[in-house]
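Quick notes on the structure that follows.
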Amino acid sequence: MSETQATPLRRQPVQQRSAKRVEQMLDASAELIDEVGYDALTTTLIAKRAGVAVGSLYQFFPDKRAVVQALTQRNLDRFMGAVSERLATEDPGHWWDVVDSVLDIYLDMHRVVPGFSKVHFGDVVDRQLLDSDRNNNKVIADSLTELVRKYVSLSGDKLPLAMTVAIEAADAVLKLAFHRDPQGDSEIVDEAKHLIKGYLASRLGE
């Protein structure tokens, strides 16, 4: 299994000031994606919103796709970090508690993280934005498989496949929930949880 590709920076910011500037660019791109969408996003708009020269942006990113790729990677890191922290804090006794935690964190990010509701984990830009060898949902599924493994007894390659199918199904149904309501239609969200738990129960056991 290949690892998620590194953030697509032309060069890594060494000084704290440079790192802060890169974060400002990512924050600016997230705000602008909410306002104008990915297609209308430009490096000039990002630089202006971030309060930096366009040339400064190009020192780190070759184009807007690379900026959004880095933003998407940051969102994935935050998502996985939040899931890991939740599991460590609550120590769930069953895999369905893990499902609840994962979906609740995803829903919260969709509602409060700038740009996330438009880009999610990158499909609007490229289905393989996070990794050239795997589609974006597979990157997420592989990461979650490692977190869930300790709560199930499924052996061999069955767990990764089950997680992949569950992620794809959840992604489709939750898109419907947010299409109906910007905050996520609660009835559809409940149906998504029921669907995922029912499917996983048939594969992982009650």
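Counting from 1, the numbers follow the sequence of the chain as shown. Keep in mind that what you see is a predicted model, and the values were worked out from it rather than measured.
For the pair N136 (side chain) and L130 (backbone), a donor-acceptor distance under 3.5 Å is present. Of the possible donor and acceptor atoms, none in the side chain of S84 sits under 3.5 Å from a partner among the backbone N and O of G81. Judged by distance alone, the side chain of K138 and the main-chain N or O of Q128 form no donor-acceptor pair under 3.5 Å. R111 places a side-chain N or O within donor-acceptor distance of the main-chain N or O of Q183, the cut-off being under 3.5 Å.
Classification of the Y106-F116 ring pair by plane angle, with boundaries at 30° and 60°, yields perpendicular.
Ion pairing between K20 and E23 fails under the 4.0 Å rule for side-chain N and carboxylate O.
Crowding of E35 atom CD: a count of heavy atoms from other residues, nucleotides or ligands under 6.0 Å exceeding 12. Summarising the local packing, NZ of K48 is surrounded by 12 or fewer heavy atoms from other residues, nucleotides or ligands at distances under 6.0 Å.
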Carefully, step by step, assess V83 and L87 under the rule side-chain contact (heavy atoms from CB on, under 4.5 Å). CA-CA 6 Å; V83 172; L87 298 184; 4.0 Å; yes

Apply the test side-chain contact (heavy atoms from CB on, under 4.5 Å) to residues V189 and L103: give CA-CA distance (whole Å), side-chain angles for both, the deciding distance (0.1 Å), then the verdict. CA-CA 9 Å; V189 169; L103 290 177; over 6 Å; no

Walk me through it: do N75 and M109 pass the test side-chain contact (heavy atoms from CB on, under 4.5 Å)? CA-CA 9 Å; N75 285 339; M109 286 186 66; 4.1 Å; yes

Go through V139 and F121 one step at a time and tell me if the side-chain contact (heavy atoms from CB on, under 4.5 Å) criterion holds. CA-CA 10 Å; V139 172; F121 289 118; over 6 Å; no

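Listed here is the closest heavy atom pair of E31 and P114: N-CB, 4.4 Å. Across every non-hydrogen atom of H110 and S117, the tightest pair is CE1-CB, 3.3 Å. Contact record, V173 with I188: O-CG2, 3.5 Å, taken as the closest heavy-atom pair. Of all heavy-atom pairs spanning D63 and A66, the tightest one is OD1-N, 2.9 Å. Taking every heavy atom of both residues into account, S56 and R21 meet most closely at OG-NE, 3.0 Å. Minimum interatomic distance between A50 and Q24 (heavy atoms only, all atoms of both residues): CB-O, 3.8 Å.
Listed by first then second residue, pairs satisfying salt bridge (charged side-chain N to carboxylate O under 4.0 Å, His left out) with a partner in residues 178-189 number zero, not counting sequence neighbours.
Two residues are said to be in side-chain contact when any heavy atoms from C-beta on lie closer than 4.5 Å; Q69 and V125 fail this criterion. For the pair E168/N135, a side-chain contact is recorded, criterion being any heavy-atom separation below 4.5 Å from C-beta on. Residues V119 and L71 have side chains not in contact (no heavy-atom distance under 4.5 Å, counting atoms from C-beta outward). Side-chain atoms of K118 and V124, non-hydrogen and from C-beta on, never get closer than 4.5 Å to each other. Looking at heavy atoms from C-beta onward, T164 lies out of side-chain contact with T145 at the 4.5 angstrom threshold.
The distance from atom CG of D171 to atom CG of L176, rounded to the nearest 0.5 Å, is 11.5 Å. Distance check, rounded to the nearest 0.5 Å: CE of M163 to CG of D142 gives 9.5 Å. Of the inter-residue distances, the one linking L26 atom CG with F60 atom CZ reads 11.0 Å to the nearest 0.5 angstrom. Rounded to the nearest 0.5 angstrom, S101 OG and I105 CD1 are separated by 6.0 Å. The CZ atom of R74 sits 4.5 Å away from atom CG of D27, with the distance rounded to the nearest 0.5 Å. Here the straight-line distance linking atom CZ of F79 with atom CG of L144 works out to 5.0 Å at 0.5 Å rounding.
Taking the salt bridge (Lys or Arg N to Asp or Glu O under 4.0 Å) definition, one finds that D34 meets it with nothing, sequence neighbours left out.
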Can you give me every donor-acceptor pair (side chain of residues 190-199, partner residue at least two apart or in another chain, under 3.5 Å) with its distance?
unit_1: K193; atom_1: NZ; unit_2: D104; atom_2: OD1; d: 2.8
unit_1: K197; atom_1: NZ; unit_2: D100; atom_2: OD1; d: 3.0
unit_1: K197; atom_1: NZ; unit_2: D100; atom_2: OD2; d: 3.1

